[in-house]
Amino acid sequence: MKAITYDRYGGPEVLEFGDVPDPKVGPDKVLVKVRAASVNPVDWKCREGHLDGMLDTVFPVVPGWDVSGVVVRPGVAVPEFSAGDEVIGYVREDFLAHGTFAEYVAAPVRTLARKPRNLGFEEAAGLPLVGLTAYQALGRLLNVRSGDTVLVHAAAGGVGSVAVQLARHLGARVIGTASGHNHDYVRELGGEPVEYGEGLADRVRALAPGGVDAAFDTVGGDALRASAEVLTPEGRLASIVDPAVTDFGGLYHFVRPDPADLQHLSDLCEQGVLTVHVSETYPLERAADAHRSNQEGRTRGKIVVTVGQDEDEDEGQD
């Protein structure tokens, strides 16, 4: 099959498009024909070796953790899915090797859920990692409740845009940091936008003089410090990028696969609660360009790589 691989750590130039062996389908796995895979910052951080101390790497690595596609064949211990089912997945294992930037992926069943019927494959591919990150952080770490005021950083980005929608669904008021050109988009999501940069804490206090009940940091550094400054005395703080959050009494969050959580997010999409904005798409062979664009850090919503969407679902596999 065709796939993107890298055989050493480095910049986008280490990504190569070519042939790799077809994946083996273990008992607890599901062979999925990939229709789209989204790009996340963790993808280029893995590619550059930043997670080498956490995850074993088996070169050559096929990058990518997000996927939407069609089931070709479930493993012998997987009654949950059948050939032809449309699925989404946060296909993360405990090592780097077999990712989703490929024509096929053998995904552990614990990483999959049914695709939202009202989303196309491109939009659906953008949901798993960012959706799970926001859902688990808001619900389990920050315990966001109706009536809370929540500060969400990078509210126009992948994780932030989902977090704004989820917090609003929970009944919270949301203040979201974003660049000026994204303020209207944040309003469309249900948030109240504020500009990044110096003086952020004062701008947040102007909107919420009593402070915010919860702050969700997706930026780190100065944004994290500003978040700590504007919390109420009982306020909760979580970060997905800066472990220094613990110095401010907050919690660090690293998302994990959870099929029930992912199915809930899929259901929320079907109910019209959640939308996924795709800002750019690239064909598989241009995955390096997709990585470059994501690494610039100015994306509204998601960047998605499309894979073989004009081919038959079962072509090339028995």
Side-chain angles (χ1 to χ4, degrees), residues 1 3-6 9 12 14-15 20 23 26 28-69 71 87-113 115 121-137 157-159 162 218 240-241 253-263 265-266 276 278 281-282 284 287-288 290-291 293-295 299 301-307:
M1 68 174 181
I4 297 294
T5 62
Y6 58 94
Y9 294 135
V14 303
L15 297 176
V20 301
D28 302 322
K29 292 193 172 185
V30 178
L31 182 64
V32 176
K33 181 175 176 60
V34 179
R35 295 293 300 271
S38 81
V39 187
N40 296 287
V42 73
D43 295 325
W44 57 261
K45 291 177 182 179
C46 288
R47 188 201 68 223
E48 292 186 348
H50 297 301
L51 273 68
D52 187 71
M54 180 186 299
L55 298 173
D56 288 329
T57 302
V58 182
F59 292 116
V61 173
V62 176
W65 286 346
D66 273 343
V67 70
S68 67
V71 172
V87 294
I88 55 174
Y90 171 44
V91 188
R92 194 194 83 207
E93 301 191 64
D94 295 329
F95 56 94
L96 295 177
H98 310 299
T100 59
F101 281 37
E103 291 181 316
Y104 297 90
V105 63
V109 67
R110 65 181 178 84
T111 68
L112 298 176
K115 171 185 163 293
F121 284 104
E122 294 175 6
E123 294 172 304
L127 177 65
L129 185 149
V130 298
L132 288 169
T133 299
Y135 179 70
Q136 293 172 2
V159 174
V162 175
T218 66
I240 62 171
V241 293
H253 176 59
F254 197 95
V255 62
R256 69 182 182 189
D258 187 304
D261 287 354
L262 189 56
Q263 187 60 56
L265 291 164
S266 180
V276 180
V278 176
T281 60
Y282 295 84
L284 181 61
H291 269 224
S293 182
N294 183 264
Q295 202 160 352
T299 303
K302 296 291 296 180
I303 296 171
V304 170
V305 169
T306 58
V307 185

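Because the structure is predicted, anything quoted here is derived from the model rather than measured.
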Between the main-chain N or O of V39 and the side-chain N or O of K302, is there a donor-acceptor pair closer than 3.5 Å?
yes
Shortest non-hydrogen contact from P257 to L132?
CA-CD1, 4.4 Å
At their closest point, which heavy atom of A134 faces which heavy atom of V159, and how far apart are they?
CB-O, 4.0 Å
Residues 58-68, side-chain donor-acceptor partners within the protein, below 3.5 Å, at least two apart:
unit_1 : atom_1 : unit_2 : atom_2 : d
D66    : OD1    : L129   : N      : 2.9
D66    : OD2    : S38    : OG     : 2.6
D66    : OD2    : N40    : ND2    : 3.0
S68    : OG     : F121   : O      : 2.7

Output yes when a side-chain donor or acceptor of R92 lies under 3.5 Å from a complementary backbone atom of V255, and no otherwise.
yes
Would you compute the distance between atom CG of L55 and atom CG of D94 and round it to the nearest 0.5 angstrom?
7.5 Å
With the side chain counted from C-beta on, respond yes when N294 and D43 share a heavy-atom pair under 4.5 Å apart, and no when they do not.
no
Here the gap from T218 atom OG1 to I240 atom CD1, rounded to the nearest 0.5 Å, amounts to 5.5 Å
For A102 versus G99, what's the shortest heavy-atom pair and its separation?
CB-O, 4.5 Å
Set of salt bridge (charged side-chain N to carboxylate O under 4.0 Å, His left out) partners for D261, sequence neighbours left out
R140
Measuring from atom OG1 of T306 to atom CD of E122, what distance do you get when rounded to the nearest 0.5 angstrom?
6.0 Å
How long is the gap from CD1 on I88 to NZ on K115, to the nearest 0.5 Å?
9.0 Å
Listed by chain and number, what are the salt bridge (charged side-chain N to carboxylate O under 4.0 Å, His left out) partners of E93, not counting sequence neighbours?
K29
Taking all non-hydrogen atoms of both residues into account, name the closest pair between G131 and L265 and its distance.
C-CD1, 3.3 Å
Does the pair C46 and V42 meet the rule for a side-chain contact (heavy atoms from CB on, under 4.5 Å), with working shown?
CA-CA 6 Å; C46 288; V42 73; 4.1 Å; yes
Mind checking whether Y9 and Y6 have parallel, tilted or perpendicular rings, split at 30° and 60°?
tilted
Crowded around H253 NE2? As in, over 12 foreign heavy atoms under 6.0 Å?
yes
Nearest-0.5 Å distance that lies between atom OG1 in T111 and atom CG in D258
11.0 Å
Begin with the C-alpha distance, continue with both residues' side-chain angles, and end with the deciding distance and a verdict on side-chain contact (heavy atoms from CB on, under 4.5 Å) for L112 and L262.
CA-CA 7 Å; L112 298 176; L262 189 56; 5.8 Å; no
If you define the side chain from C-beta out and look only at heavy atoms, does anything of V30 sit under 4.5 Å from V87?
no
Separation between CH2 (W44) and CD (Q295), nearest 0.5 Å, reads 4.5 Å
For the residue pair V130 and G126, what are the closest heavy atoms and their distance?
CG2-O, 3.1 Å
So, for A36 and V304, which heavy atoms are closest and what is the spacing to 0.1 Å?
CB-CG1, 3.8 Å
Kindly say whether R256 contributes a backbone atom to a donor-acceptor pair with the side chain of Q136 at under 3.5 angstrom?
yes
